Amino acid sequence: MPINHTLFVPIFLFAILFFCYSCYRRLQLVALGQPEDRFDRPGERLAAMLTYAFGQKRVLARPFGVNHFVLFWAFLFLLGANGEFLLEGLHPALTLAQLPTPLHHGLGFIFDAVSLLALVCVGVALARRLFFPPDYLGTDYTSPRSGEGLLILGMIAVLMIAFFVLHGALIALHGPEPWRPLSALTGNSLAGLSAASLEGVAVAAWWVHAIVLLVFMNLLPRSKHMHILTAIPNTYLTTLGKPNTQPRETFEKGERFGAGEVERLSWKDLLDSLTCTECGRCQDLCPAHNTGKALNPRRIVHNIKVNLMDNGAALKVPGAPRKPLIVEGEVEGAASEEAIWDCTTCGACLEACPVLIEQMPKIVKMRRYLVQEQARFPEELLNLFENTEQRSNPWGIAPGERAKWCDPFGERPFESGQTEYLFFVGCAGAFDNRSKHVTAAVAMILDAAGISWGILGKDELCCGDSLRRLGNEYVFDRLAEQNVTLFQKRGVKKIITQCPHCFSTLKNDYRQYGLEVEVVHHSELIQSLLADGRLRLEGTAPQGKLLFHDSCYLGRHNDTYAAPREALTAATGKEPGEFVRNSEKGFCCGAGGGRMWMEELTGTRINLERVKEALQEQPDTVCVACPYCMTMLEDGLKDEGAENVRVKDVAEVVAEALE
């Protein structure tokens, strides 16, 4: 086949250089972010990359993900075919035909079969986008029928078709190639053409394939399809473990706090923005977005990318005017303040992202900037901040009231060396009238199991969860240091909490302050006591039809799903029922991330959305394992006029079975 190599060589070199230049232009911007160590524990990182990038674990979590999985692996196989194609264009001797015949023919068969699979997958993806687009593919700034998306799919289809036409024409010209059965079918359809015509068809198909391939390659770094290049390294550079905490800040003169400009984000945050596929899975599960609020985690990441692109030149010139990262209202390339405060930090976006982008931590960094550098935050948070700073609880109640719930149990001070567990009651468990019942139920269970426990009484301070998620890192830092110092001074080795927010903060955040103790949520301890036979129930406590609601900070942030369910099964004699959205896909109550202390002024209230979902199952009891969830669901049931439905904590149900 007479390919004009002299013409192709300069085209190829120009395309390669332009591709490298485009990649450099984008990736150099990543280096403008703040430093962050993402290179430790290479074995674990490699495992994450194999699981999420090559194994496509989260992509396959949805039925249509199979189509993407096949297309991804087809791409990997066809890298070999396209590599040979480009090299052969530079010099006819650079071909896989130089390999041993069995290997050459084997690769030819694989390339033939995989090309057909890729073509079918592109056809399915096109049909889906054009005729059956799911809601989460679209948003207010893009559409499943976007020109870019359709162009990319169309170019892949053209590449596959050109591949078959090229090899079909060559088979028709030079004789059968049994190892390319699918190309042979194309060759059969061209068999009636003359040799000259076949040669013309082959040359035309070759050039179409070459030009489309080079254009496709150069489109990647200049579009959202950059993720094809960055997704694999991004999964390698993921945070190890769950991103259920935020980095500690230092409070010294001249320090900057949070991220008010795009370069204040870390380089990994910026790489995330270039890696976002904009697939919409985070948006699909976000409770704020699903209830009509301004927040869309996909748009937050998209705006960081646009801001980075728009500010690219200015970022390298000190003092140059820049596009702001945070604004009031919706502006392309900037996050709206309203959206930033809408986040419940439930972690649904983190759990959904196929390429392990960390949306929520970026929002908290922006909150830190607004709170600590700008003093710009919703007015209702002022009381929370002042009360917690001055009296170490959100309500501003006198610390001396903390231990009053314990009067029926007698004085229970934690005594070093004599008390096994510190019962960290938490602000809700100590001050909220409804949660005090849960606190008493936990104490009853511990006594029934013969567990040695004690409390800190008025010395216990708020754990600071809401403060940290809201961006008030300075006050959180003071509370964390005081609590950790107190724990260490008292010789605490084991801590029980009844609040998942206290549980997660003490277990995960306080490690940054040197706390290395065993922290268990009460549902975990109850389940283990039941399993070990240390806690014996007198009978069962029927609750009618019971549904279990997952707390985001117990389940999604700390992978505790089974313990509360097993405890309820033991206490009621049957497994709890499930919400439609449960476990990893559970739906937030609306109180996390400090939203407990804020009004929902737009859209539907998140707790009402969750209560409506519960009522579809016609439950008699909704069981929770979190004081925030308790409050939100009880309020929602009242608003829906469904006060006949009880809301109970796991501990209350188990305590009833003790009697």
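Every value quoted in this text rests on a predicted model; they were computed, and no experiment measured them.
Relative to the ring axis of Phe109, Arg180 does not place its NZ or CZ within 45° and under 6.0 Å from the centre.
Applying the salt bridge (charged side-chain N to carboxylate O under 4.0 Å, His left out) test to pairs two or more places apart or on separate chains, those with a residue in residues 234-243 are Lys242-Glu351, Lys242-Asp559. Listed by first and then second residue, the salt bridge (charged side-chain N to carboxylate O under 4.0 Å, His left out) pairs involving residues 215-226 amount to none (not counting sequence neighbours).
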Problem - Derivation and outcome, side chain to side chain donor-acceptor pair (under 3.5 Å), residues Asn508 and Ser504 - result: CA-CA 6 Å; Asn508 303 309; Ser504 189; 3.0 Å; yes
Handout entry: side chain to side chain donor-acceptor pair (under 3.5 Å) evaluation trace for Asp465 with His501
Key = CA-CA 6 Å; Asp465 160 75; His501 297 270; 3.1 Å; yes
Exercise for the section: Would you check, one step at a time, whether the test side chain to side chain contact (heavy atoms under 4.5 Å, CB included) holds for Leu270 with Lys305? Expected result: CA-CA 7 Å; Leu270 303 184; Lys305 179 178 69 177; over 6 Å; no
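A salt bridge is defined here as a Lys NZ or Arg NE, NH1 or NH2 lying under 4.0 Å from an Asp or Glu carboxylate O, and Arg581 with Asp550 fails to meet this definition. A salt bridge links Glu578 and Arg565; the closest N-O separation between the charged side-chain nitrogens and carboxylate oxygens is under 4.0 Å. Salt bridge Glu473/Arg248: absent, no basic N to carboxylate O contact under 4.0 Å.
Ring to ring, Phe251 and Tyr474 are close: their centroids are under 6.0 angstrom apart.
Contact detail for Leu265 and Ala259: the closest heavy-atom pair is CD2-CB, 3.7 Å.
Note: Tyr510 and Phe476 have tilted aromatic rings, judged against thresholds of 30 and 60 degrees for the angle between ring planes. Note on ring orientation: taking the six-membered ring where Trp is involved, the planes of Phe14 and Phe18 are parallel (angle under 30°, cut-offs 30° and 60°).
Under the 3.5 Å distance criterion, the side-chain polar atoms of Arg298 are matched with a main-chain donor or acceptor of Glu278. The closest donor-acceptor contact from the side chain of Glu44 to the backbone of Gly241 lies at 3.5 Å or more, if one exists at all.
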Using a 3.5 Å cut-off and no angle test, enumerate the donor-acceptor pairs between side-chain atoms of residues 342-350 and protein atoms at least two apart in sequence or in another chain.
residue : atom : partner : partner atom : Å
Asp342  : OD2  : Ala294  : N            : 3.0
Asp342  : OD2  : Leu295  : N            : 3.3
Thr344  : OG1  : Cys346  : N            : 3.4
Thr345  : OG1  : Tyr553  : OH           : 2.6
Thr345  : OG1  : Gly593  : N            : 3.2

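Atoms CE and SG, from Met217 and Cys20 in turn, are 7.5 Å apart once rounded to the nearest 0.5 Å.
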